[in-house]
Amino acid sequence: MIGIRDFLRLALPILAMAAVSHATTSAAAENASHLLRSPAARMVDLRASDGSRLKASYFAAAKPGPGVLLLHQANRERRVWDELAARLAAAGINTLTLDMRGHGESDQPTDAERKRQSGGWPGDIDTAFEYLLTQPGVKRDVIGLGGAGALGVGSAVQAARRHPAEVKALALLSGETVQDGLQFLRDAPQLPGLFVAADDDEYPPTVEAMELLYITSSSPSKKWVHYPAAKEAPWIWYETADISKVPPTGGHGTDLFKVHPELPAIIVNWFITTLIETPGRAPADTLASAQILSQLRMQGGVAQVEQQLTKARQIDPNAQLFPEIGVSIIGNDHLRAGEPEAALEVFKLNVRAYPDSADAHEDLAEGYLSLGQKDLARQHAQKTLALLDAHTVPASTWSDTEPRRGEIRRGAQNVLTKISVTRQ
């Protein structure tokens, strides 16, 4: 068990580089495969509350399922989402893309209307949102929102603020939101968000704006996708619908799809997780849980985090405040440092948070054995083997491969063997 933690620490940087390379080289073939299976879009004419015409495209899934509304950036239109929308529909997620007022095939506002509506047209977004909810087979209480650029991100966050009961997940690319939107993200720990930014974004300081959104979000399930560059792009002008004013770099909003072809798959998998597999929830993320993980290493920190977990589960019985593997690594670090009492407290917390994890129980068995508490060590080693033999749940939240299951099994069996030897 402890050996594999050391291996992971050494191997992860190399594996990450290999994964990026593989994803980039295989993305074209994967995209083509998805498109061959994807349904055709249906053109939709919507009417705003003032009678203005809005154009949209609807990608219906083959069976009932959740829905996603995608909102474009200021210098693009709805068709930039076509490939992603088709892939979402093929995955079972009904998807609507909208030309926002003044863009694409939707009506153009007058100059006077633009001045009166400097914050956009939230009523237009609600019109599209309601259309999505009323389509046959759409689960109206399991909706995701995606936005690109300041226009799309701001509109998506505000729509989620207006419809908190329906919206279960966000995917936000290269944008920002205003103060009430930030406050909403701060007050919505139940709303998982995917936040994407690139250093070469042609509209700085977009990266810093997205970092602000990410750190403001209180969800332990939030995810940060950052594409680094040697230096950020120079500031030329504000984000604008005039595509001739600022040369595109491929680092802003949906322009990222061409430069980083693995990104659409990341977004699809995000919505599959948060809308289909576990609606309104994603696995707790290490970066998102950094404060809690740091707290665990402080004097009295484990007890404090346990209290936080108890409080969170009074609101949501399935709440997770930290990733299982992160806490496992902390506990094993204590063992390696000759601090078995501290390790045991960490392992006990992990089992409380993840009671169905064979991996967590095996860690706890090791912790008890290190302190000579053989009966409890045996109990959790046997629990480990029972969970593995049942094959009803994954071996852990982070890995369920047969090699990993075998490693956990060997760890539990070694604990039982050591107990048996010491009794002879």
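Taking the six-membered ring for Trp and the full ring otherwise, Tyr214 and Trp224 have centroids separated by under 6.0 Å.
Checked by atom type, the side-chain pair Glu239/Gln73 shows no donor-acceptor distance below 3.5 Å. Between the side chains of Arg42 and Gln135, at least one donor N or O sits under 3.5 Å from an acceptor N or O. Counted by atom type alone, Asp359 and Ser357 present zero donor-acceptor pairs between their side chains at under 3.5 Å. For the residue pair Asp242 / Thr240, no side-chain donor-acceptor distance below 3.5 Å is found, with atom types taken as modelled.
Aromatic ring orientation, Tyr203 versus His252: perpendicular (interplanar angle above 60°, classes split at 30° and 60°). Using cut-offs of 30° and 60° on the angle between ring planes, the pair His380 and His361 is parallel. Using a 30° and 60° split on the angle between ring planes, His72 and His103 fall in the perpendicular class, above 60°.
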Practice problem: Could you walk me through whether Leu172 and Leu194 pass side-chain contact (heavy atoms from CB on, under 4.5 Å), step by step? | Solution: CA-CA 6 Å; Leu172 308 175; Leu194 175 68; over 6 Å; no

Quiz item: Going through the distances and angles, do Lys168 and Asp141 end up as a salt bridge (charged side-chain N to carboxylate O under 4.0 Å, His left out)?
Solution: CA-CA 8 Å; Lys168 296 297 189 290; Asp141 61 341; 5.4 Å; no

Exercise. Kindly determine whether Leu98 and Ile125 satisfy side-chain contact (heavy atoms from CB on, under 4.5 Å), including the steps that lead there.
Key: CA-CA 8 Å; Leu98 174 70; Ile125 309 300; 4.1 Å; yes

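A salt bridge links Lys348 with Glu345: the closest approach of a Lys/Arg side-chain nitrogen to an acidic carboxylate oxygen falls below 4.0 angstrom. Asp180 and Arg186 are not joined by a salt bridge, as no carboxylate oxygen comes within less than 4.0 angstrom of a charged side-chain nitrogen. Ion pairing of Asp255 with Arg76 is present here, as a side-chain N (NZ or NE/NH1/NH2) and a carboxylate O approach within less than 4.0 Å. Remark: Glu105 engages Arg78 in a salt bridge, criterion side-chain N to carboxylate O under 4.0 Å. Between Asp200 and Lys231 no salt bridge is recorded (no basic side-chain N to carboxylate O distance below 4.0 Å). Using a 4.0 Å cut-off between charged side-chain N and carboxylate O, Asp45 and Lys55 make a salt bridge. We find that Arg409 and Asp389 are joined by a salt bridge, their nearest charged nitrogen and carboxylate oxygen being less than 4.0 Å apart. A salt bridge does not link Asp107 to Arg101: none of the charged nitrogens lies less than 4.0 Å from a carboxylate oxygen. With respect to Asp99 and Arg79, no salt bridge is recorded, no charged nitrogen being found less than 4.0 Å from a carboxylate O.
From Thr286, atom OG1 reaches atom CD1 of Ile292 across 12.0 Å, with rounding to the nearest 0.5 Å. Put simply, CD on Glu362 and CG on Leu387 are 12.0 Å apart, with the number rounded to the nearest 0.5 Å. Taken to the nearest 0.5 Å, the CG atom of Leu191 stands 7.0 Å off from the OG atom of Ser217. Here the straight-line distance linking atom OG1 of Thr310 with atom CD1 of Ile315 works out to 12.0 Å at 0.5 Å rounding.
A side-chain donor-acceptor contact under 3.5 Å links Asp199 to the backbone of Ala229. The closest donor-acceptor contact from the side chain of Arg87 to the backbone of Val268 lies at 3.5 Å or more, if one exists at all.
The minimum heavy-atom distance linking Gly51 with Arg47 is given by the pair O-NH1, 2.8 Å.
Residues Tyr58 and Leu132 form a side-chain contact, since some pair of their non-hydrogen atoms from C-beta on lies under 4.5 Å apart. Looking at Phe257 and Leu173, their side chains come closer than 4.5 Å, going by heavy atoms from C-beta outward. The shortest distance between side-chain heavy atoms of Val207 and Glu232 falls below 4.5 Å. Residues Val225 and Phe195 have side chains not in contact (no heavy-atom distance under 4.5 Å, counting atoms from C-beta outward). Taking the side chain as every heavy atom from C-beta outward, Leu70 and Leu96 never approach each other to under 4.5 Å.
Residue-environment remark: CD (Gln179) stays at or below the threshold of 12 foreign heavy atoms within 6.0 Å. At most 12 non-hydrogen atoms from other residues, nucleotides or ligands lie less than 6.0 angstrom from CD of Gln291.
The salt bridge (Lys or Arg N to Asp or Glu O under 4.0 Å) contacts involving residues 302-326 comprise Arg281-Asp316, Glu306-Arg352, where partners must be two or more places apart or lie in separate chains.
Partner Phe271 forms a side-chain contact (heavy atoms from CB on, under 4.5 Å) with one of Leu275, Thr273, Asn269 and no other, that one being Leu275.
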